[in-house]
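Position 1 is the first residue of the sequence, and the numbers go up from there.
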Amino acid sequence: MGFITACVIVLVLALIAAVGAGLMGLTGLFAVVLPYLAFAIFVIGVAYRIANWGKSPVPFNIATTCGQSKSLDFIKWNPIECPRSRPALYFRMFLEVVFFRSLFRNSKATLEKDGNLTYQWEKWLWIFAILFHWGFFFTLLRHLRFFTAKVPGLITALDKIDGFILIDLHHYYITGFMFFAGVGLLLLRRLCLHKVRYISMLNDYFPLVLLLGIGCSGMAMRYAGATRVDVTGIREVMVGLMTFHPVVPAAGTLNVFFYIHLTLVCTLLIYFPWGKLMHAVGVFMSPTRNMCTNSREVRHVNPWNPVVEFHSYADYEDEFRDRMVKFGVPVEKTIEEAEAEKEAERKALEESLG
């Protein structure tokens, strides 16, 4: 049900863009107002989530460990899994963010007929994630050529490397197909695996279907003859948005698939801070990842804890010694001993002041 609902929402958004910009001529709404609104919501939402995470107390060292932390000299230490310094921690974060190292070690547990529990590596999810994230990242980099008056040399070089496949004088970008394949395979995994489908909800399906819609509309503009768009006109609109001198395209000058693609991208920007896609930012603020595993060397004290005035047993006995003696409760010091100790302290204080 969640998958069907997600498909209906994306189709309705695409239909609204097609009717609004294509038939009603509301190009300014979809090419100027909506992008500015989506970007503002994206920036405010991300800043709010980061500030909210930053205020969350982390009283203990809760770093994820998958190996032996630093201990006695004769016990082998795993410096990558249990970093005790910031450089080592940054290296582990780099492996996690760029290569999904923890996902690479994902294993599948199977209960055999003889009752033994066996484990085997499960690499499919890691492959799907690599295809999607790397394809998405390089596709975003290539799109920077639409937002700058002069295309940077790095983007030009990336464009040539990525689109080295030439068919009928048209460049085919590998990363675009990687992104499309990664999203499709992740979606098929949720649909085909019974256990995954059982726990999947609308907020699991919607971002995948939305990304798939963005990929389909983008590839249609790039490769389908009937839906190809005027790249120069699109670049003029994007540069105008970036320089805060928006250009409203005339009705009919740009293919309706551009407005569909742009509307879905704006929807993704609006949804990003409030959905699961926010893990792209949250991974850097997760205490399980950004803390050194040095709890045996450094004492971690919660800075948010209020100052507590402790009432020791000695203070308690001084306060209630008379009553405790009266009711036969054993005390560490008798009344006479306590008074003699107080008298000695008083004399010592007088001598020091004297």
Side-chain angles (χ1 to χ4, degrees), residues 5-18 20-21 26-53 97 132-148 155 175-176 179-180 182-183 186-187 202-222 229 234-249 254 256-285:
T5 305
C7 291
V8 170
I9 293 174
V10 174
L11 288 175
V12 169
L13 290 172
L15 183 62
I16 291 174
L26 302 175
T27 57
L29 175 63
F30 290 93
V32 178
V33 177
L34 182 59
Y36 277 138
L37 178 63
F39 185 74
I41 295 175
F42 171 79
V43 172
I44 295 173
V46 170
Y48 169 77
R49 294 295 299 275
I50 292 176
N52 193 37
W53 283 333
V97 172
F132 163 60
H133 287 88
W134 282 13
F136 191 27
F137 174 73
F138 287 110
T139 300
L140 285 178
L141 283 183
R142 284 193 292 101
H143 276 62
L144 290 179
R145 68 184 188 273
F146 294 108
F147 297 91
T148 55
I155 304 303
T175 54
F179 163 72
F180 187 80
V183 175
L186 288 172
L187 183 59
L202 177 61
N203 59 348
D204 297 303
Y205 288 114
F206 178 70
L208 292 176
V209 176
L210 181 60
L211 288 167
L212 198 62
I214 293 173
C216 288
S217 58
M219 296 181 78
M221 289 189 295
R222 175 68 191 177
V229 295
I234 293 177
R235 194 163 181 270
E236 183 181 358
V237 172
M238 294 295 103
V239 172
L241 291 175
M242 292 297 296
T243 57
F244 295 99
H245 293 86
V247 177
V248 179
L254 294 178
V256 70
F257 269 84
F258 165 71
Y259 298 103
I260 294 175
H261 184 73
L262 184 59
T263 300
L264 295 181
V265 171
C266 292
T267 304
L268 180 65
L269 289 177
I270 296 172
Y271 173 80
F272 186 93
W274 322 110
K276 291 186 175 182
L277 297 177
M278 191 61 186
H279 71 268
V281 180
V283 65
F284 297 99
M285 303 193 66

Minimum-distance pair of heavy atoms, taken over all atoms of Phe30 and Ala21:
CE1-N, 3.9 Å

Distance check, rounded to the nearest 0.5 Å: His279 atom NE2 versus Phe284 atom CZ?
10.5 Å

Can any side-chain N or O of His245 pair as donor or acceptor with the backbone N or O of Gly240 at less than 3.5 Å?
no

Take Val183 and Phe136, measure what side-chain contact (heavy atoms from CB on, under 4.5 Å) needs, and give me the verdict at the end.
CA-CA 9 Å; Val183 175; Phe136 191 27; over 6 Å; no

Please check if atom CE in Met242 has more than 12 non-hydrogen atoms from other residues, nucleotides or ligands closer than 6.0 Å.
no

Side-chain touch Thr175/Phe179, heavy atoms, less than 4.5 angstrom
no

Looking at every heavy atom in both Ala17 and Val256, which two are closest together, and how far apart are they?
O-CG2, 4.5 Å

For the residue pair Tyr205 and Leu187, what are the closest heavy atoms and their distance?
CD2-CD1, 3.9 Å

Side-chain contact, heavy-atom cut-off 4.5 Å: Phe132 with Leu211?
yes

Just so I know, are the side chains of Trp274 and Tyr48 near enough to count as touching, which here means a heavy-atom distance under 4.5 Å?
yes

Rounded to the nearest 0.5 Å, what's the gap from CZ on Phe258 to CE on Met238? Could you check?
4.0 Å

Rounded to the nearest 0.5 Å, the CD1 atom of Ile260 sits from the CE atom of Met221 at a distance of 9.5 Å

Counting only heavy atoms from other residues, nucleotides and ligands, does the tally under 6.0 Å from OH of Tyr36 exceed 12?
yes

Is the closest side-chain heavy-atom distance between Leu141 and Leu144 below 4.5 Å?
yes

Nearest-0.5 Å distance that lies between atom CG in Asn203 and atom NZ in Lys276:
5.0 Å

When you measure from the side chain of Arg145 to the backbone N and O of Arg142, does any donor-acceptor pair fall under 3.5 Å?
yes

Residue pairs involving residues 31-47 (criterion salt bridge (charged side-chain N to carboxylate O under 4.0 Å, His left out); sequence neighbours excluded):
none

Given Leu277 and Leu268, is the side-chain contact (heavy atoms from CB on, under 4.5 Å) satisfied, shown in steps?
CA-CA 9 Å; Leu277 297 177; Leu268 180 65; 3.4 Å; yes

Can you measure from OG1 (Thr267) to CG (Leu34) and round to the nearest 0.5 angstrom?
6.5 Å

Assess the residue pair Phe146 and Val239 against the criterion (side-chain contact (heavy atoms from CB on, under 4.5 Å)); give the C-alpha distance rounded to whole Å, side-chain angles, the decisive distance to 0.1 Å, and a yes or no.
CA-CA 7 Å; Phe146 294 108; Val239 172; over 6 Å; no

Would you give the length of the straight line joining atom OH of Tyr271 to atom CE of Met278, rounded to the nearest 0.5 angstrom?
12.5 Å

Quick check: closest heavy atoms across Val32 and Pro246, and the distance to 0.1 Å?
CG1-CB, 3.6 Å

Smallest heavy-atom separation, Leu269 atom then Pro273 atom, equals O-CD, 3.3 Å

Student check: side-chain heavy atoms of Phe180 and Cys216 closer than 4.5 Å:
yes

For His261 and Ser217, which heavy atoms make the closest approach, and how far apart are they?
ND1-OG, 2.8 Å

Apply side-chain contact (heavy atoms from CB on, under 4.5 Å) to residues Leu13 and Leu264 and explain how you reach the verdict.
CA-CA 7 Å; Leu13 290 172; Leu264 295 181; 4.1 Å; yes

Using the rule side chain to side chain contact (heavy atoms under 4.5 Å, CB included), only one of Leu262, Leu254, Thr27 pairs with Val237; which is it?
Leu254

